[in-house]
Protein chains: 2
Amino acid sequence: MTVNTLHRPTHRDALVHLESAFEDGEMCTVFGRCTVEYDGRATSELGPGDRLVILKPDGSILVHTDEKRTPVNWQPPGCTHSASVRDGRLRIRSTRSNPDERLDVHFERVDQCSVYRVNDRSDLELTGSEEDLRQHILANPSILEAGFEPLETERQSDAGPIDIFGEDADGVPVVVELKRRRVGPSAASQLRRYVDALHREFGDDERVRGVLVAPSVTERATSLLEREGLEFVALDPETGEPPVEDDEGNENDAADENDENDAGEGGEDGESDEKAASDA
Amino acid sequence: MTVNTLHRPTHRDALVHLESAFEDGEMCTVFGRCTVEYDGRATSELGPGDRLVILKPDGSILVHTDEKRTPVNWQPPGCTHSASVRDGRLRIRSTRSNPDERLDVHFERVDQCSVYRVNDRSDLELTGSEEDLRQHILANPSILEAGFEPLETERQSDAGPIDIFGEDADGVPVVVELKRRRVGPSAASQLRRYVDALHREFGDDERVRGVLVAPSVTERATSLLEREGLEFVALDPETGEPPVEDDEGNENDAADENDENDAGEGGEDGESDEKAASDA
DNA sequence: TCTTCCATGTCGAGG
DNA sequence: CCTCGACGTGGAAGA
């Protein structure tokens with residue numbers, strides 16, 4: 001049995017169900033009317049309402065309402081879950097130390113309590129991160145600029161580690177700062193700190209270039225870069241190539257993407273592709 | 001009926017169930033063996049495994065494994081959900097534009113499909129934020145330093161808005177930067193940018209003090225502050241008072257907290273307080 | 001452990 | 001819309 005569900009259980013039945021799930025290291029969900037209290041790095045209170053609580057065997061707990069991607073309350077992995085019945089309510093408690101934190105959920109009514117047997121060995125494969133961008137540049141430095149030669153990654157400086165440190169065609173030191181998405185002034189400031197640090201390190205008479213690499217840049221950042229004598233190179237972290245730009249600062253490219261509507265309609269099973277808007 | 005659950009439904013039954021939930025703006029969950037593909041700001045692939053998918057009426061979708069607080073895949077609010085049956089699999093798709101993104105979940109087996117009627121009007125009340133810290137200081141400026149007088153919050157400068165701008169007992173301008181938790185060098189840099197900006201604004205001969213306020217500070221940040229001639233004041237955002245420190249950098253305070261074990265045992269209902277470790 | 005920094009960050013406020 | 005900064009950020013990698 002991969003799922004074991006109680007419908008409108010008594011608190012005591014839900015309690016037994018949950019405790020066996022904790023014991024067996026299984027994931028479970030509880031839906032019903034509850035209040036939530038949290039105390040730890042901050043403190044919060046949530047009045048009565050219907051929520052979905054997810055308890056994971058790694059010690060994490062999520063309290064979800066019907067809005068937002070972020071849970072209204074939670075606890076990260078490493079906590080210890082416990083359950084009890086007190087004053088006619090089902091209490092789910094999750095605690096940890098370092099920092100000392102406690103999350104309490106009190107259910108006055110439990111509509112559903114499910115336990116799931118999870119079998120999942122697959123790992124997520126993701127591309128398009130800053131690390132990918134770095135690999136693109138190291139594999140083919142000329143995409144940054146003809147004659148650029150990377151010398152070191154994560155090079156330490158007074159201002160922190162420099163993403164890529166290298167030299168241009170003329171042997172001038174270059175600080176490269178990478179961002180996987182559109183950058184604002186803060187990235188320019190960060191780059192300036194690195195360049196300043198190398199200035200101090202090398203001596204004021206040695207020139208040091210600073211290059212910010214990202215798919216795009218805000219106007220404010222552009223002007224700050226200009227003021228600071230820094231440079232910008234537009235590169236897409238996924239492809240390692242200059243991103244498609246239409247006329248102006250607008251980054252919305254209207255590339256027509258109509259895959260998935262290819263053939264395929266001769267399959268065995270009947271097809272049904274009805275939609276319903278859920279973005280009220 | 002607040003919860004409507006299908007146990008091991010056919011894909012077609014699950015499809016109908018989901019579409020009526022989308023139509024009615026209700027939250028739902030699907031558990032079963034699936035694969036996930038994402039393409040948008042980045043690109044990802046996830047091979048077959050058992051996961052819990054949560055679809056919210058605001059357009060968000062979460063794909064949870066039995067580990068981590070963060071979903072293995074997701075889409076933020078504002079997306080449009082749709083479902084279909086193709087090639088013998090249940091496909092749940094969530095799309096949005098700006099940025100153009102798509103998340104596909106293909107179920108080869110559905111163990112459970114639930115629809116929840118959510119009634120939740122309560123708002124979360126949280127204390128201990130940076131805003132709380134600001135209120136503490138504005139209400140009682142002497143906790144920062146005797147004679148400190150706040151003049152302006154969010155004061156604009158070349159380097160951005162300054163949390164609190166004021167004067168010390170001698171009438172010297174003071175820039176106050178607030179952080180709700182332990183700060184590193186980046187906060188010190190930020191403060192320096194503000195102080196520099198006011199220097200340029202006031203003229204180089206006018207002294208400007210910079211004060212970083214947080215519950216604690218890293219060593220690297222301390223040395224940076226020293227180099228830059230900036231100051232640090234330790235304050236807890238929750239209480240507005242100097243945080244408890246034991247001997248050294250260690251921030252773990254062993255305050256004994258034994259509430260909840262008070263009386264209360266004379267209640268009507270039987271008590272049951274069994275625990276089970278879930279932090280495997 | 002503690003520190004540092006990236007993230008498909010998410011979220012809210014303000015222009 | 002875009003832009004900016006806080007967050008109980010979470011998570012991973014390095015010291």
Side-chain angles (χ1 to χ4, degrees), chain A residues 38-44 60 62 67-78 96 98-103 124 126-134 154 156 160-161 163 177-187 190 216-221 237-238 249-252, chain B residues 36 38-44 60-63 67-79 94 96-103 124 126-134 154 156 160-161 163 177-187 190 216-221 237-238 249-252:
Chain A
Y38 157 74
D39 192 22
R41 287 164 290 176
T43 303
S44 78
S60 39
L62 318 171
E67 289 181 341
K68 303 291 157 60
R69 205 218 60 148
T70 305
V72 63
N73 276 116
W74 70 90
Q75 234 14 293
R96 66 162 170 164
N98 201 341
D100 250 318
E101 290 196 301
R102 182 181 59 199
L103 181 69
L124 185 74
L126 186 138
T127 60
S129 63
E130 183 181 307
E131 176 59 23
D132 288 301
L133 179 54
R134 171 178 338 186
E154 303 295 319
Q156 291 304 316
D163 282 339
E177 172 65 21
L178 307 175
K179 292 293 171 191
R180 69 169 305 282
R181 66 172 195 175
R182 187 176 177 83
V183 290
S186 62
Q190 188 180 355
S216 70
V217 58
T218 68
E219 257 187 57
R220 221 200 241 255
E238 189 105 28
N250 189 352
E251 293 304 318
N252 305 343
Chain B
V36 187
Y38 157 73
D39 193 22
R41 289 162 290 174
T43 302
S44 78
S60 39
I61 177 173
L62 318 171
V63 182
E67 289 182 342
K68 304 290 158 60
R69 205 219 59 150
T70 303
V72 63
N73 277 114
W74 71 90
Q75 234 15 263
C79 295
S94 191
R96 66 164 171 163
S97 40
N98 203 345
D100 251 319
E101 291 196 301
R102 183 181 56 199
L103 181 69
L124 184 74
L126 185 138
T127 59
S129 63
E130 181 180 308
E131 175 60 21
D132 287 296
L133 180 54
R134 170 177 334 178
E154 303 295 318
Q156 291 303 316
D163 282 339
E177 172 65 22
L178 307 174
K179 293 294 173 191
R180 70 168 303 283
R181 67 172 192 175
R182 187 174 177 83
V183 291
S186 62
Q190 189 180 354
S216 69
V217 58
T218 68
E219 257 187 57
R220 219 202 242 256
E238 188 106 26
N250 189 351
E251 292 304 319
N252 305 343

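Order of the sequence lines fixes the chain letters, A, B, ..., with proteins taken first and strands second; residue numbering starts at 1 for each chain.
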request  = Check whether any side-chain nitrogen or oxygen of B:Thr70 sits under 4.0 Å from OP1 or OP2 of D:dG11, and answer yes or no.
outcome  = yes
Nearest-Å distance for atom pair CG/P, residues B:Asn73 and D:dG11 = 14 Å
query = Counting any heavy atom closer than 4.0 Å, what does B:Arg181 reach on the DNA or RNA strands: base, sugar-phosphate only, or nothing?
reply = base
ask   = Could you give the distance from CZ (A:Arg96) to CG (A:Leu103), rounded to the nearest 0.5 Å?
value = 11.0 Å
remark   = Between the CZ atom in A:Arg181 and the CZ atom in B:Arg41, the distance rounded to the nearest 0.5 Å is 8.0 Å
ask   = Which whole-number value in Å describes the distance from B:Leu124 CG to D:dC7 P?
value = 13 Å
remark   = Against the side chain of A:Pro77, the closest entry in D:dG11, D:dA6, D:dG8 is D:dG11
query = To the nearest Å, how far apart are A:Arg102 CZ and D:dG8 C1'?
reply = 15 Å
Candidate pair A:Glu101 and A:Asp39, rule side-chain contact (heavy atoms from CB on, under 4.5 Å), full reasoning = CA-CA 6 Å; A:Glu101 290 196 301; A:Asp39 192 22; over 6 Å; no
key: Spacing of B:Lys179 atom NZ and B:Ser186 atom OG [to the nearest 0.5 Å]   = 7.0 Å
task = Provide, to the nearest angstrom, the distance between the CG atom belonging to B:Leu178 and the C1' atom belonging to D:dC7.
result = 15 Å
inquiry  = Of the listed nucleotides (C:dG9, D:dC7, C:dC6), which one gets closest to any side-chain atom of A:Glu177?
reply    = C:dC6
Side chain A:Glu154 and base D:dG14 donor-acceptor under 3.5 Å = no
note = Taking D:dG8, C:dT8, C:dC5 as options, the one with an atom nearest any side-chain atom of B:Tyr38 is C:dT8
B:Arg220 side-chain N/O to C:dT3 phosphate OP1/OP2 under 4.0 Å = no
query = Can you check whether B:Gly128's main-chain N or O pairs, donor with acceptor, with B:Arg180's side chain at less than 3.5 Å?
reply = yes
ask   = Do you see a donor-acceptor pair shorter than 3.5 Å between the side chains of A:Tyr38 and A:Gln75?
value = no
request  = Check every strand shown and say whether A:Pro161 touches a base, only sugar-phosphate, or nothing at a heavy-atom separation below 4.0 Å.
outcome  = sugar-phosphate
ask   = In Å, rounded to the nearest 0.5 Å, how long is the span from CD of B:Glu238 to OG of B:Ser129?
value = 9.0 Å
inquiry  = What is the distance, to the nearest angstrom, from the CD atom on B:Gln190 to the C1' atom on C:dT4?
reply    = 16 Å
Between C:dC11 and D:dG11 - P atom distance, rounded Å = 15 Å
ask   = Reckon A:Arg69 has a side-chain N or O less than 4.0 Å from the OP1 or OP2 of C:dG9?
value = no
query = Between the base of C:dT1 and the side chain of A:Asn98, is there any donor-acceptor pair under 3.5 Å?
reply = no
key: Atom pair distance, as rounded to whole Å: CZ in A:Arg182 and P in C:dC6   = 19 Å
Side-chain N or O of A:Lys68 closer than 4.0 Å to phosphate OP1/OP2 of C:dG12 = yes
ask   = Rounded to whole angstroms, how far apart are CD on A:Glu219 and C1' on C:dG15?
value = 14 Å
request  = Report which part of the nucleic acid A:Pro99 touches: base, sugar-phosphate, or nothing (heavy-atom distance under 4.0 Å, all strands).
outcome  = nothing
note = Taken to the nearest whole Å, CD/A:Glu131 to P/C:dC5 is 16 Å
query = Hey, does A:Thr43 reach any base, or is it just sugar-phosphate, or nothing, if we go heavy atoms under 4.0 Å?
reply = nothing
note = Closest of D:dT3, D:dG10, C:dA7 to the A:Glu130 side chain is C:dA7
ask   = Looking across every strand, which nucleic acid part, if any, lies under 4.0 Å from A:Ser44 by heavy atom: base, sugar-phosphate, or nothing?
value = nothing
key: Any B:Thr218 side-chain N or O less than 4.0 Å from OP1/OP2 of C:dT4   = yes
Comparing A:Val72 and B:Gly160 on DNA chain D - which has the more 5′ nearest nucleotide = B:Gly160
Distance between P atoms of D:dC4 and D:dG8 (Å, rounded) = 22 Å
inquiry  = Side chain of B:Ser129 only, heavy atoms from C-beta on: which candidate in D:dA6, D:dG8, D:dC7 is closest?
reply    = D:dC7
query = When all nucleic acid strands are considered with a 4.0 Å heavy-atom cut-off, which category describes A:Leu126: base, sugar-phosphate, or nothing?
reply = base
request  = Taking only the side-chain nitrogens and oxygens of B:Trp74, find out if one of them lies under 4.0 Å from OP1 or OP2 of C:dT10.
outcome  = yes
query = Counting side-chain heavy atoms from CB outward, which of D:dG10, C:dG9, D:dA6 is closest to A:Arg180?
reply = C:dG9
